[in-house]
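The figures here come from the full heavy-atom set of this structure, side chains too, leaving out hydrogens, waters and symmetry mates. Positions are given from 1, in the same order as the sequence printed here. Owing to the predicted nature of the structure, the values given are computational and were not obtained by experimental measurement.
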Amino acid sequence: MKKILIVTICVLVLSFTAFAEWNYSIEQDGSRVEAREYNRIISLSPGAVEVMYMIGAQDKLLAIGTSRSGIWPQEETSLLDNVGSITKPSLEKVVALEPDLVILNSMSTEFAETLEQHGIPYLLFATDSLEAMLEELPVFGVICGRPQEAIKLSAEKFEKLDSVREKLEEKPLNLKGAFLYTASPIQGFNEESLPGQILEILGCENMVSSTMARPILTPEYVVEQNPDFLFGAMAITKAEDITNSNPLLLETRAGKEGNVYLVPSQKILRPTPRVIDFIEELYEQLSELTE
């Protein structure tokens, strides 16, 4: 299966490089960028920046958009030129740098029309699926001039996912929990979110079930669900804030046994290959709760 996957990825890369253009549209606007190597890239996608460093394509970066939670590897990305925040980039700075490509994420898609008016090529680096992100890496490798490195990275992370799934077959977690966005009020990430996908891969029940992306949960509801663990992120800066803000949660298994933790937001909300590494770490951490 793994050999078939690697061969398929290689064929995809060869297919894309064989054509003059690759159709990559944002909200079906029909935008097109050539499937070739770009050398003057501005990235408003923190995830794309991370991938570029992972495949050794950081030399293609002219500038980035800044993020409140930082961008890995922060000791290097903090030194890069920036064009403002990922949500409010400066058009003046972007135009002045004369990029041959601008990479957008889901929070900067409105900037696409402005770029189009100035004749600046752009593409969207965003996906709601971890596996789709890994499948698209080779295409991104073509854009950055590192196709083989991207193929290797994709294959390595798929292999790591397979390894986690094999461990789960031998030792299932069978736990219930949630990733929380805020502590007061309690907001959690639903099943469709990236944190929700992480729990699904780990075979854990997500106690946050809603059509809303981040529904508000009452302390009474959380007590009724009796989660085995709780992870805080985003607006939560200390794990203890979760139970301090909601003393009722001390009645849950998570509260009684101290299974309340803080996780770096970028590790659960940014669809990059590093999320796969974090899933492996989480499995090892949560497996201790089953012993």
Side-chain angles (χ1 to χ4, degrees), residues 1-24 33-43 45-62 64 70-77 80 100-101 103-105 123-169 194 197-198 201-202 264 266-284:
M1 178 179 174
K2 292 171 188 173
K3 289 183 180 177
I4 293 173
L5 172 66
I6 293 170
V7 170
T8 302
I9 289 172
C10 291
V11 170
L12 279 173
V13 172
L14 292 173
S15 299
F16 278 114
T17 54
F19 293 95
E21 288 188 334
W22 166 45
N23 185 7
Y24 202 110
V33 295
E34 291 181 22
R36 63 170 177 84
E37 179 177 350
Y38 290 80
N39 296 293
R40 297 177 60 80
I41 298 174
I42 292 175
S43 179
S45 165
V49 173
E50 290 192 8
V51 171
M52 290 177 75
Y53 272 91
M54 295 179 84
I55 63 176
Q58 62 268 29
D59 59 319
K60 309 290 185 182
L61 279 169
L62 269 181
I64 62 173
I71 303 174
W72 178 92
Q74 199 156 349
E75 66 276 8
E76 295 190 37
T77 59
L80 294 175
D100 56 7
L101 182 69
I103 301 175
L104 307 175
N105 76 349
L123 64 83
L124 177 68
F125 184 88
T127 177
D128 295 328
S129 164
L130 281 176
E131 296 203 5
M133 176 268 298
L134 293 181
E135 290 168 358
E136 292 171 6
L137 280 183
V139 178
F140 191 72
V142 171
I143 297 298
C144 298
R146 299 289 189 277
Q148 298 305 319
E149 291 84 351
I151 289 171
K152 182 180 177 182
L153 178 63
S154 178
E156 285 176 352
K157 299 309 177 185
F158 266 117
E159 188 171 356
K160 186 166 283 192
L161 263 182
D162 285 344
S163 175
V164 171
R165 285 171 174 145
E166 287 171 4
K167 290 178 181 178
L168 281 164
E169 286 182 7
L194 190 55
Q197 288 181 55
I198 292 171
I201 290 171
L202 289 168
Q266 64 268 33
K267 285 192 174 185
I268 63 165
L269 296 173
R270 195 168 290 167
T272 76
R274 291 202 311 134
V275 176
I276 309 303
D277 300 328
F278 187 58
I279 288 174
E280 186 178 52
E281 293 173 22
L282 279 180
Y283 173 79
E284 299 302 329

Non-neighbouring partners of Lys152 that pass salt bridge (charged side-chain N to carboxylate O under 4.0 Å, His left out), sequence neighbours left out: none

Nearest atoms (heavy-atom pairs only) where Ile64 meets Leu80: CG2-CD1, 3.8 Å

All salt bridge (charged side-chain N to carboxylate O under 4.0 Å, His left out) counterparts of Glu284, not counting sequence neighbours: Lys167

Contact summary for Gly47 and Thr272, nearest pair of heavy atoms: CA-CG2, 3.4 Å

Distance, nearest 0.5 Å, that separates CZ of Phe158 from CD of Glu135: 4.5 Å

Any residue meeting side-chain hydrogen bond (donor to acceptor under 3.5 Å, both in side chains) with Asn105, in chain and number order, not counting sequence neighbours: Ser108

Heavy-atom closest pair, residues Met52 and Cys144: CG-SG, 3.8 Å

Closest heavy-atom pair and its distance - Pro273, Leu153: CG-CD2, 3.8 Å

Salt bridge (charged side-chain N to carboxylate O under 4.0 Å, His left out) partners for Glu76, two or more places apart: none

Student check: side-chain heavy atoms of Leu134 and Leu161 closer than 4.5 Å: yes

Side-chain donor or acceptor of Ser43 paired with backbone N/O of Ala48 under 3.5 Å: no

From CA spacing to verdict: side chain to side chain contact (heavy atoms under 4.5 Å, CB included), Met54, Lys157: CA-CA 12 Å; Met54 295 179 84; Lys157 299 309 177 185; 4.2 Å; yes

Candidate list Val142, Ile103, Ile143, test side-chain contact (heavy atoms from CB on, under 4.5 Å), partner Tyr38, passing option: Ile143

Set of side-chain hydrogen bond (donor to acceptor under 3.5 Å, both in side chains) partners for Glu131, sequence neighbours left out: Arg165

Close side-chain approach of Ile55 to Leu137, heavy-atom, < 4.5 Å: no

Ile42 to Leu62 - nearest heavy-atom pair and separation: CG1-CB, 4.1 Å

Plane angle bin for Tyr53 and Trp72 - parallel if under 30°, tilted between 30 and 60°, otherwise perpendicular: perpendicular

Sequence-distant partners of Arg40, side-chain hydrogen bond (donor to acceptor under 3.5 Å, both in side chains), two or more places apart: none

Salt bridge (Lys or Arg N to Asp or Glu O under 4.0 Å) pairs, two or more places apart, involving residues 49-62: Glu37-Lys60, Glu50-Arg270, Glu50-Arg274, Asp59-Arg146

Nearest non-hydrogen partners of Lys267 and Val275, listed with the distance: O-CG2, 3.6 Å

